[in-house]
2 protein chains.
Amino acid sequence: MQVASWNVNSVRTRLGHVTDWLKDNPDVDVLCLQETKVVDTDFPKAPFEELDYHVYIYGQKAYNGVALISKAPLEEVRMGFGAILDQETVGDLDDQKRVISAVLDGVRILNLYVPNGSSIGSEKYAYKLRWLAVLKQYLSKTLEETTKLNVCGDFNIALENKDIYTDEKRDKHIMSSPTERETLAEILTIGLADAFRKFTDAGGHFSWWDYRAASFRRNMGWRIDHHYLSPELYEQATRCWIDIEPRKLEKPSDHTPVIVEY
Amino acid sequence: MQVASWNVNSVRTRLGHVTDWLKDNPDVDVLCLQETKVVDTDFPKAPFEELDYHVYIYGQKAYNGVALISKAPLEEVRMGFGAILDQETVGDLDDQKRVISAVLDGVRILNLYVPNGSSIGSEKYAYKLRWLAVLKQYLSKTLEETTKLNVCGDFNIALENKDIYTDEKRDKHIMSSPTERETLAEILTIGLADAFRKFTDAGGHFSWWDYRAASFRRNMGWRIDHHYLSPELYEQATRCWIDIEPRKLEKPSDHTPVIVEY
DNA sequence: GCTGCTGCAG
DNA sequence: CTGCAGCAGC
């Protein structure tokens with residue numbers, strides 16, 4: 001089974017890229033999309049259904065939005081933190097559509113778009129940390145019911161120095177600050193491990209390159225899109241890789257797909 | 001000597017089209033641009049200067065804006081009505097940057113972007129008529145000092161029925177209403193004649209096609225961009241034509257160049 | 001409708 | 001550098 005994660009930065013603008021990629025990657029069973037940037041009524045379901053995929057969406061206008069594109073029908077589809085956490089815990093966090101999950105062949109696939117956080121100390125940064133605190137509760141509760149969990153998506157955090165093209169300003173940069181790293185590392189202690197690092201020790205592998213400053217051409221990237229697996233799945237994992245080809249296309253997303261196989 | 005008029009609908013968005021067109025039309029001495037939509041500090045002068053043109057600009061943020069692009073340096077450059085009319089007459093009309101003129105080889109080239117007027121009876125329509133009243137004074141005063149005057153630009157008025165693709169709703173449509181036509185015709189009585197009509201009697205020649213309803217493909221156009229010449233220049237005129245090629249490009253302006261030669 | 005701009009977000 | 005909303009113009 002293969003699961004892919006791809007922040008497409010607007011599913012409508014990137015529709016051709018995404019359907020082309022699915023055609024080129026017929027072994028991918030579930031494609032997890034982030035930043036679809038579209039309300040559910042306007043999501044282009046037909047192009048995927050015509051390729052015999054099932055589509056599960058949780059979107060909003062202009063920002064955020066997540067989706068699951070699957071060859072087989074999915075079970076137990078859940079949208080938002082509120083699906084399993086009480087309202088008091090969730091608060092307003094589900095106003096932004098960042099969480100969708102479902103089960104395929106006994107594996108819960110959990111697709112996330114973690115807040116970016118803007119800059120250290122900003123209001124959006126506080127939101128990111130608050131969101132991650134609730135995420136931990138959400139994942140803990142999920143792990144109470146399943147031993148096969150694949151948490152993937154755009155985490156907007158690069159855990160290790162080798163996951164970033166440079167060491168400059170690292171500690172003060174959003175996505176690599178000590179607090180963010182510690183927060184994510186702490187979440188993973190509940191029983192999740194990075195599928196990519198099971199197979200690849202080297203740095204220089206990235207999943208996101210800023211649109212600015214020609215950073216893709218200069219390979220000034222970050223590895224911020226991840227597949228985190230529960231122990232049982234981690235054991236079963238046979239591959240995890242980044243496909244940089246879509247980032248080379250005309251008008252690409254700034255992210256590129258990350259695929260795990262188990 | 002050749003003078004061209006082109007409403008480019010954003011000189012920054014159309015920069016490639018404009019420089020390409022200049023390269024393809026090396027005999028054009030002065031290119032008059034309208035709707036440059038950029039403040040003077042942000043006008044892309046360098047690409048024109050690298051092609052050895054001189055650039056004279058009178059712009060504002062987001063709306064309107066006119067410019068003169070010239071192979072030779074221009075003399076007596078004037079911006080706005082206020083350059084020769086008293087402030088009492090001009091009022092607030094120079095808040096919108098719609099008038100620039102200069103002299104080349106004894107010919108005053110006067111580049112206009114006449115207000116569109118939105119719809120008959122609207123506030124913008126009243127502004128258009130008020131603007132045209134002041135234009136008449138401005139042109140009269142200009143004709144007191146020169147016998148060689150080339151007034152060109154986007155007039156947002158089609159003087160004759162054959163200058164529009166259809167007769168439908170003509171009288172109630174902005175750009176072809178009787179009042180607008182009479183107002184422009186009255187202005188021309190001070191001593192200006194349509195260079196295009198010296199050479200071409202037929203209808204079906206247009207300079208503007210709405211972006212909507214595939215109107216260019218269906219040739220649903222209007223001839224609203226003009227060169228009006230003082231008698232001496234009109235006598236000397238050897239050609240006047242519309243180049244529809246730029247309207248066929250990707251992401252074109254809705255207008256296309258009109259060129260006069262004398 | 002179709003485009004361009006501002007302003008925001010990433 | 002890109003996408004979107006909201007606006008304005010035509």
Side-chain angles (χ1 to χ4, degrees), chain A residues 7-15 17 34-39 42 59-65 96 98 113-119 122-125 127-128 154 156 173-175 208-218 220 222 224-225 247 249-255, chain B residues 7-15 17 34-39 42 59-65 96 98 113-120 122-125 127-128 154-158 173-176 207-218 220-222 224-225 247 250-255:
Chain A
N7 179 324
V8 288
N9 189 14
S10 169
V11 70
R12 286 180 293 183
T13 300
R14 225 68 62 202
L15 187 56
H17 290 196
Q34 302 92 38
E35 283 206 88
T36 53
K37 293 189 175 180
V38 63
V39 288
D42 293 344
Q60 67 180 87
K61 183 157 75 164
Y63 302 106
N64 313 311
Q96 300 186 15
R98 297 175 175 277
Y113 175 48
V114 177
N116 171 279
S118 191
S119 60
S122 69
E123 212 164 289
K124 291 194 172 67
Y125 178 72
Y127 183 92
K128 182 178 194 171
D154 175 2
N156 272 313
H173 199 293
I174 196 71
M175 303 193 290
W208 174 78
W209 299 260
D210 200 315
Y211 283 124
R212 289 163 280 194
S215 53
F216 181 65
R217 187 179 51 71
R218 301 195 276 166
M220 295 161 63
W222 297 59
I224 58 177
D225 301 272
R247 182 65 240 237
L249 300 172
E250 283 287 291
K251 288 243 153 213
S253 167
D254 42 354
H255 297 252
Chain B
N7 179 324
V8 287
N9 189 15
S10 171
V11 70
R12 285 178 294 182
T13 299
R14 227 66 65 199
L15 186 56
H17 289 196
Q34 303 92 38
E35 283 207 87
T36 53
K37 294 189 173 180
V38 62
V39 288
D42 292 345
Q60 66 180 90
K61 182 158 72 162
Y63 302 106
N64 313 309
Q96 299 186 16
R98 298 175 174 277
Y113 174 48
V114 177
N116 171 278
S118 189
S119 60
I120 310 300
S122 68
E123 210 164 291
K124 290 193 173 69
Y125 179 72
Y127 184 91
K128 182 178 194 171
D154 175 2
F155 283 75
N156 272 313
I157 298 176
H173 199 293
I174 195 73
M175 302 192 292
S176 57
S207 64
W208 174 78
W209 298 260
D210 200 315
Y211 283 124
R212 289 166 282 191
S215 54
F216 181 65
R217 187 178 51 74
R218 301 195 277 167
M220 294 161 62
W222 297 59
I224 57 178
D225 300 272
R247 182 65 239 237
E250 283 286 292
K251 287 242 151 212
S253 168
D254 43 353
H255 296 251

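Chain letters run A, B, ... following the sequence lines, proteins first and then strands; every chain starts at 1. Heavy atoms only: backbone and side chains are in, while hydrogens, waters and symmetry mates are out. Quick caveat, the model's predicted, so the values are computed rather than measured.
- In this structure, Arg14(B) does not reach the dT3(C) phosphate: none of its side-chain N or O atoms is under 4.0 Å from OP1 or OP2.
- Residues passing the side chain to side chain contact (heavy atoms under 4.5 Å, CB included) test with Pro252(B), sequence neighbours excluded: Arg247(B).
- A sub-4.0 Å separation between OP1 or OP2 of dA9(C) and a side-chain N or O of Lys124(A) is present.
- Rounded to whole Å, the distance from CG on Asp42(B) to C1' on dC5(C) is 12 Å.
- Heavy atoms of Asn116(B) sit under 4.0 angstrom from primed sugar atoms or phosphate atoms, though from no base atom.
- You'll find that the side chain of Thr13(B) is closest to dG4(C), out of dG4(C), dT6(C), dG10(C).
- Each of Lys37(A) and Asn156(B) lies near DNA chain D, and the nucleotide nearest Lys37(A) is the one positioned closer to the 5' end.
- If you check every strand for non-hydrogen atoms under 4.0 Å, Tyr127(B) touches nothing.
- In this structure, the side chain to side chain donor-acceptor pair (under 3.5 Å) partners of Asn64(A), at least two apart in sequence or on a different chain, are Gln60(A), Arg98(A).
- With sequence neighbours left out, Arg212(A) forms a side chain to side chain donor-acceptor pair (under 3.5 Å) with Asp210(A).
- When the side chain to side chain contact (heavy atoms under 4.5 Å, CB included) test is applied to Ser122(A), the partners found at least two apart in sequence or on another chain are Ser118(A), Ser119(A), Lys124(A), Tyr125(A).
- If you measure from atom CG of Asn7(B) to atom P of dG4(C), you get 12 Å, rounded to the nearest angstrom.
- Between Lys251(B) and Asp210(B), the residue anchored closer to the 5' end of DNA chain C is Asp210(B), taking for each the nucleotide with the nearest heavy atom.
- A 4.0 Å heavy-atom criterion places the boundary nucleotides of DNA chain D facing chain B at dA8(D) to dC10(D), written 5' to 3'.
- Using the six-membered ring where Trp is involved, Trp222(B) and Trp208(B) have ring planes that are perpendicular, over 60° apart on the 30 and 60° scheme.
- Separating the CZ atom of Phe216(B) from the P atom of dT3(C) is a distance of 14 Å, rounded to the nearest angstrom.
- Taking the side chain to side chain contact (heavy atoms under 4.5 Å, CB included) definition, one finds that Asn116(A) meets it with Asn156(A), Ile174(A), Met175(A), sequence neighbours left out.
- Distance from the side chain of Asn9(B) is smallest for dG4(C) among the nucleotides dT6(C), dG4(C), dA9(C).
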